[in-house]
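Worksheet: one structure, shown below.
Values below: all heavy atoms of this structure, side chains included; hydrogens, waters and symmetry mates excluded. Since this is a predicted model, take the numbers as computed values, not measurements.
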Amino acid sequence: SETYDLLKRGVGYTNDELHELFRDWNKGEMRSFLLEITADVFLQPDPETGQRLVDMILDKAGAKGTGKWTAQEAMDIAVPVPGIDIAVSMRDMSIYKKQRVAAFQLYKPKIRAVPADRPKFIALLHDALACSTLLAYAQGLAMLQKASVELKMEIPVQDVARIWQGGCIIRSAYLELFTSIFKKDPGLENILLHKKVAILVRKKQSALRKVIQRAAAMGIPVGGFMNALTWLDASCAEKLPTNLIQAQRDYFGAHGYQRIDKEGNFHTEWKD
């Protein structure tokens, strides 16, 4: 949906152009059920107005609870899935239509169109979507692996990926790669740690960064893209600034901390 927003409001694509682009993308490496049906959506007419139906649908998303439950369960077993978290949050954001309209009138935000290099931006957007899709799978699969151990479920992840290929809403060509990876290494904790996935992500992450920069400059919200990149950068960070958080926690709550130079838990009587 963020890709659609960038194309519709940022680039000025018509529904016919959106149909053709998503249809073409579905013929390549990102082939998936969602791309397939999205391409179809843009052609559906509205019998009442004669307009395209997608343009007549109110921008308030429904939810059955599966995203929320997944985010809650992930927190319970301490697995970060920010892609799912932000998806749930943005659906929640969408239901406050009245507030959003009032804020629009108050702040009067302006969408800044994409620069003249339209073909280059479309190519970047393709790779950004591909990269964030890979990272979304990585988060979900990492959660399954952790749950399998924590909850003693013995989930055969290679079979899960294979079954998803057979037919479900997240069916895609990438699952063929994941199935082969887990077949050889069923205990792999995170597919980011596999060389084949690393090659794909490293090749496409630059596009993801550039698209996020463009989206921020245009004033179009892309929390899914941003959270995907944040998760990637944090996952690959040799050092995170959580040492400061631990110092703060010990200062205000005597929660203790660990040291880099010796084993054990420590507490400091911090000076005012």
Taking the side chain as C-beta and beyond, is there a heavy-atom pair between [X] and [Y] under 4.5 Å?
X      : Y      : value
Asp16  : Leu43  : yes
Trp69  : Gln72  : yes
Leu125 : Val11  : no
Val201 : Cys131 : yes
Glu269 : His267 : yes
Thr179 : Trp164 : no
Lys68  : Arg91  : no
Gln258 : Asn265 : yes

Completion exercise
Only residue of Arg100, Lys8, Arg9 satisfying salt bridge (Lys or Arg N to Asp or Glu O under 4.0 Å) with Asp59 is Arg100
Problem - Verdict with reasoning, Gln246 to Asp250, per side chain to side chain contact (heavy atoms under 4.5 Å, CB included) - result: CA-CA 6 Å; Gln246 287 301 90; Asp250 192 55; over 6 Å; no
Practice task
Would you sort out whether Gln205 and Arg209 count as a side-chain hydrogen bond (donor to acceptor under 3.5 Å, both in side chains), showing the intermediate values?
Solution key: CA-CA 6 Å; Gln205 66 168 316; Arg209 295 180 192 280; 2.9 Å; yes
Are [X] and [Y] grouped together when hydrophobic residues (ILVMFWY) are joined by side-chain heavy atoms under 4.5 angstrom apart?
X      : Y      : value
Met143 : Ile163 : no
Ile84  : Leu192 : no
Leu53  : Leu7   : no
Ile111 : Phe104 : no
Met93  : Ile57  : no

[X] atom [atom1], neighbour heavy-atom count above 12 within 6.0 Å:
X      : atom1 : answer
Glu189 : CD    : no
Arg23  : CZ    : yes
Leu106 : CG    : yes

Handout entry: No-hydrogen, no-angle side-chain donor-acceptor test under 3.5 Å, Tyr174 and Ser32
Key = no
Problem - Any side-chain donor near an acceptor of the partner, Gln165 and Arg162, under 3.5 Å - result: no
Completion exercise
Sorted by chain and number, sequence neighbours left out, ring-ring contact (aromatic ring centres under 6.0 Å, His included) with Phe266 holds for none
So which atom in [X] and which in [Y] form the shortest heavy-atom distance, rounded to 0.1 Å?
X      : Y      : result
Leu34  : Ile169 : CG-O, 3.4 Å
Val222 : Ala215 : CG2-CB, 3.6 Å
Ile155 : Ser148 : N-OG, 2.8 Å
Ala228 : Leu135 : O-CD1, 3.4 Å
Ala142 : Asn190 : CB-ND2, 4.2 Å
Thr133 : Leu129 : OG1-O, 2.7 Å

Between [X] (side chain only) and [Y] (backbone N and O only), is there a donor and an acceptor less than 3.5 Å apart?
X      : Y      : answer
Thr242 : Ile245 : no
Asn227 : Pro82  : yes
Lys146 : Ile77  : yes
Arg259 : Tyr257 : no

Practice task
Using side chain to side chain donor-acceptor pair (under 3.5 Å) as the criterion, list what pairs up with Glu176, not counting sequence neighbours.
Solution key: Arg31
Exercise for the section: Sequence neighbours left out, what passes side chain to side chain donor-acceptor pair (under 3.5 Å) with Asp85? Give chain and number order. Expected result: none
Practice task
Under 4.5 Å between side-chain heavy atoms, chaining through other members, with only Ile, Leu, Val, Met, Phe, Trp and Tyr counted: pull out the rest of the cluster around Tyr96, sorted by chain and number.
Solution key: Ile95
Practice task
Output, in order, the C-alpha distance, side-chain angles, deciding distance and verdict of salt bridge (charged side-chain N to carboxylate O under 4.0 Å, His left out) for Lys203 and Asp127.
Solution key: CA-CA 9 Å; Lys203 181 180 178 182; Asp127 282 358; over 6 Å; no
Exercise for the section: Give, for atom CG of Leu177 and atom OG of Ser172, the distance between the pair rounded to the nearest 0.5 Å. Expected result: 9.5 Å
Fill in the blank from the handout: Distance col, row Gln248:CD vs His255:NE2, nearest 0.5 angstrom, shows 11.5 Å
Problem - Pairs satisfying ring-ring contact (aromatic ring centres under 6.0 Å, His included), at least one member in residues 175-203, at least two apart - result: Tyr137-Phe178
Practice task
Could you name each residue pair satisfying ring-ring contact (aromatic ring centres under 6.0 Å, His included) that touches residues 17-46, not counting sequence neighbours?
Solution key: Tyr4-Phe42, Phe22-Trp25, Phe22-Phe42, Trp25-His126
